Amino acid sequence: VQNQWPSNGKIAHYMANACNKLGKKNEALRAYEVAVQSDAPRADWVFDYASALIDDGKEVFEISKSIPVANYVKALQLVSTVDKEDQNWSFKAKLLQGELMIALSKHQEAYEQYQKISNELENVSPADALRFQIGLGTSAYRVGNNEIAIAALKEATKDTDKAVFVNQQL
């Protein structure tokens, strides 16, 4: 299998996920690169690669000192290539773009991004809705729109598992 992944996007994506789970980040990134450059890359491969570039978004609201800024920029470029016609992936791409803009300290752009997608929340997963609320609240706070920031972050605290993180943001 390992010999086949350089020529097969599906196998490369499988290998990338396996390497990522085993903590072999560099090997995972090389395999993701192959997968997204294949003849028919899937949107989820692009998101997996973008997530791996930024260490699965563990510090998406603050640039991590251990992750090169170039990785954030590359992740942002990657998600902008996703098919805009696919509603679910399009929302995820826009959401990740907002998160990456926050990480890159482009707070006004991030806030505008969240405002644009605020009317697309109807059919999103609870996890994506939570990410939206946290991103909107964080970006609103950073541009000085405290009323929207507090309202968005309070909405996000309805998910008790994330309430500690959100309360820190408040």
Side-chain angles (χ1 to χ4, degrees), residues 1-107 109-114 116-117 120-121 123-136 138-139 142 156 159 161-162 165 169:
V1 173
Q2 191 167 9
N3 295 336
Q4 294 178 357
W5 73 259
S7 62
N8 184 310
K10 190 173 186 176
I11 294 173
H13 181 254
Y14 173 81
M15 289 299 296
N17 284 339
C19 289
N20 205 23
K21 287 178 182 165
L22 294 171
K24 297 180 178 182
K25 186 169 174 100
N26 290 333
E27 292 91 339
L29 292 175
R30 283 195 302 270
Y32 281 129
E33 182 80 26
V34 170
V36 300
Q37 291 181 357
S38 68
D39 292 338
R42 293 180 14 191
D44 58 327
W45 300 355
V46 173
F47 287 111
D48 289 346
Y49 183 30
S51 293
L53 280 168
I54 59 169
D55 201 18
D56 295 320
K58 290 178 183 150
E59 300 184 42
V60 76
F61 294 111
E62 296 290 335
I63 286 190
S64 170
K65 308 274 188 277
S66 63
I67 300 171
V69 172
N71 285 16
Y72 287 95
V73 174
K74 187 171 186 174
L76 186 57
Q77 291 168 338
L78 278 168
V79 297
S80 68
T81 67
V82 173
D83 183 5
K84 306 295 187 266
E85 300 303 313
D86 184 329
Q87 294 292 60
N88 187 37
W89 290 116
S90 179
F91 181 81
K92 286 185 180 294
K94 293 172 189 175
L95 188 60
L96 186 54
Q97 285 174 328
E99 292 168 348
L100 291 168
M101 284 185 240
I102 290 171
L104 292 168
S105 298
K106 296 181 177 186
H107 304 300
E109 291 175 46
Y111 180 63
E112 291 168 8
Q113 176 76 352
Y114 286 108
K116 284 180 197 172
I117 65 172
E120 299 178 29
L121 290 169
N123 296 316
V124 302
S125 71
D128 286 344
L130 175 65
R131 287 174 55 199
F132 169 80
Q133 292 296 339
I134 293 171
L136 175 63
T138 301
S139 62
R142 298 224 172 122
D159 180 348
D161 292 340
K162 303 293 181 193
F165 171 77
Q169 295 294 312

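We number each residue from 1, following the sequence as shown. Computed from a predicted model, the values in this text were never measured in an experiment.
- A donor-acceptor pair is defined here as one N or O able to donate and one able to accept, closer than 3.5 Å; such a pair exists between the side chain of S38 and the backbone of A35.
- For the atom pair CE of M15 and NE2 of H13, the computed distance is 12.5 Å after rounding to the nearest 0.5 Å.
- The distance from atom OG of S139 to atom CD of E112, rounded to the nearest 0.5 Å, is 10.0 Å.
- In this structure, the side-chain contact (heavy atoms from CB on, under 4.5 Å) partners of A129, at least two apart in sequence or on a different chain, are V124.
- The minimum heavy-atom distance linking K116 with E120 is given by the pair O-OE2, 4.1 Å.
- Sorted by first and then second residue, the salt bridge (Lys or Arg N to Asp or Glu O under 4.0 Å) pairs involving residues 6-18 (not counting sequence neighbours) form an empty list.
- Residues forming a side chain to side chain donor-acceptor pair (under 3.5 Å) with Q113 (at least two apart in sequence, or on another chain): Q97.
- Atom CG of D128 and atom CG of L121 lie 9.5 Å apart (nearest 0.5 Å).
- For the atom pair M101 CE and L96 CG, the distance stands at 9.5 Å (nearest 0.5 Å).
- Atom-to-atom distance recorded for I134:CD1 and L95:CG is 10.0 Å, nearest 0.5 angstrom.
- Shortest non-hydrogen contact noted between I102 and H107 is O-CE1, 3.6 Å.
- The minimum heavy-atom distance linking N17 with D48 is given by the pair OD1-OD2, 3.8 Å.
- With sequence neighbours left out, the ring-ring contact (aromatic ring centres under 6.0 Å, His included) criterion links F132 to Y114.
- Legend: salt bridge (Lys or Arg N to Asp or Glu O under 4.0 Å) pairs involving residues 31-44, not counting sequence neighbours, sorted by first then second residue: E33-K74, R42-D44.
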